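The structure under discussion appears below in the form of structure tokens.
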Amino acid sequence: MQMKRIAVSSEGPLLDDMVDPRFGRAAGFVVVEQVGNASSYIDNGASQVMAQGAGIQAAQNLANAGVEVVISGFVGPKAFQALSAAGIQVIQNVEGVTVGQAVERFKRGELTVADAPNSQAHGGAGRGSGQGSGQGRSQGARR
């Protein structure tokens, strides 16, 4: 079995903490070696406060940490693309369990690697100007 580093979005630094269903705005990531009980924690506080790009920043942090698999609840399209570009497998729709339970489900082969994001993009859009009332006037020749 090839040993993998697994990162789980988490509400806290322990295996007993709940999976944070958010990826980019998760409190942090518990990183676990697939074999053995070693774990570490990557704080995601800097990404949480970003107006945009939180998922991309979190993906970069995990790539820098040598993570090969991410387990989370929801991953947006930009974060999914960044994770995929870094060669990190994404497992989604995991929530309502502890980090330790999620890792055990992965080790037992009960979780499926995703091939597309399961969340919409956040931020940036949605503040349209609402211009135009349909009262166009003829632009006849001006002299």
Side-chain angles (χ1 to χ4, degrees), residues 1-139 142:
M1 173 188 299
Q2 181 182 2
M3 191 168 98
K4 293 186 176 184
R5 297 193 85 198
I6 306 159
V8 183
S9 58
S10 177
E11 295 179 351
L14 304 174
L15 292 171
D16 290 337
D17 287 315
M18 297 300 289
V19 171
D20 192 327
R22 306 166 300 170
F23 174 74
R25 304 223 182 260
F29 298 91
V30 176
V31 179
V32 179
E33 304 295 334
Q34 186 173 3
V35 177
N37 295 323
S39 67
S40 60
Y41 183 70
I42 298 174
D43 186 281
N44 196 42
S47 296
Q48 282 184 308
V49 298
M50 295 177 68
Q52 295 182 18
I56 295 170
Q57 183 61 51
Q60 184 64 48
N61 293 341
L62 295 179
N64 291 342
V67 167
E68 298 167 274
V69 177
V70 167
I71 300 173
S72 188
F74 300 95
V75 179
K78 291 179 182 175
F80 191 93
Q81 184 177 11
L83 290 165
S84 296
I88 299 173
Q89 296 178 317
V90 180
I91 296 173
Q92 304 168 129
N93 300 316
V94 178
E95 55 185 320
V97 296
T98 67
V99 170
Q101 290 169 329
V103 170
E104 287 305 314
R105 288 179 63 193
F106 174 78
K107 289 179 177 178
R108 290 193 303 260
E110 297 175 4
L111 302 177
T112 304
V113 175
D115 58 3
N118 66 348
S119 178
Q120 299 297 314
H122 300 285
R127 296 184 183 146
S129 63
Q131 295 179 3
S133 62
Q135 297 180 7
R137 294 185 184 167
S138 173
Q139 296 287 326
R142 294 185 180 175

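Starting from 1, each residue takes its place in the sequence as its number. Every value quoted in this text rests on a predicted model; they were computed, and no experiment measured them.
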*asked:* If we ignore hydrogens and angles and just use 3.5 Å, is the side chain of Gln92 paired with the main-chain N or O of Ala116 as donor and acceptor?
replied: yes
What heavy-atom pair brings [X] and [Y] nearest, and what distance separates the two atoms?
| X | Y | value |
| --- | --- | --- |
| Ala27 | Arg22 | N-NH2, 4.3 Å |
| Ser119 | Pro77 | O-CD, 3.1 Å |
| Lys4 | Gln89 | NZ-OE1, 3.2 Å |

Quick check: do [X] and [Y] have side-chain heavy atoms less than 4.5 Å from each other?
| X | Y | answer |
| --- | --- | --- |
| Val67 | Val31 | yes |
| Arg5 | Gln34 | no |
| Leu15 | Val30 | yes |
| Ser9 | Val19 | yes |

_Take a 6.0 Å sphere around CG of Asp115 and say whether it holds more than 12 heavy atoms from other residues, nucleotides or ligands._
no
*Is the distance between the ring centroids of Phe29 and Phe23 under 6.0 Å?*
yes
*Set of residues satisfying side chain to side chain donor-acceptor pair (under 3.5 Å) with respect to Gln81, sequence neighbours excluded*: none
*Could you please spell out the steps behind the side-chain contact (heavy atoms from CB on, under 4.5 Å) verdict for Val99 and Leu14?*
CA-CA 8 Å; Val99 170; Leu14 304 174; over 6 Å; no
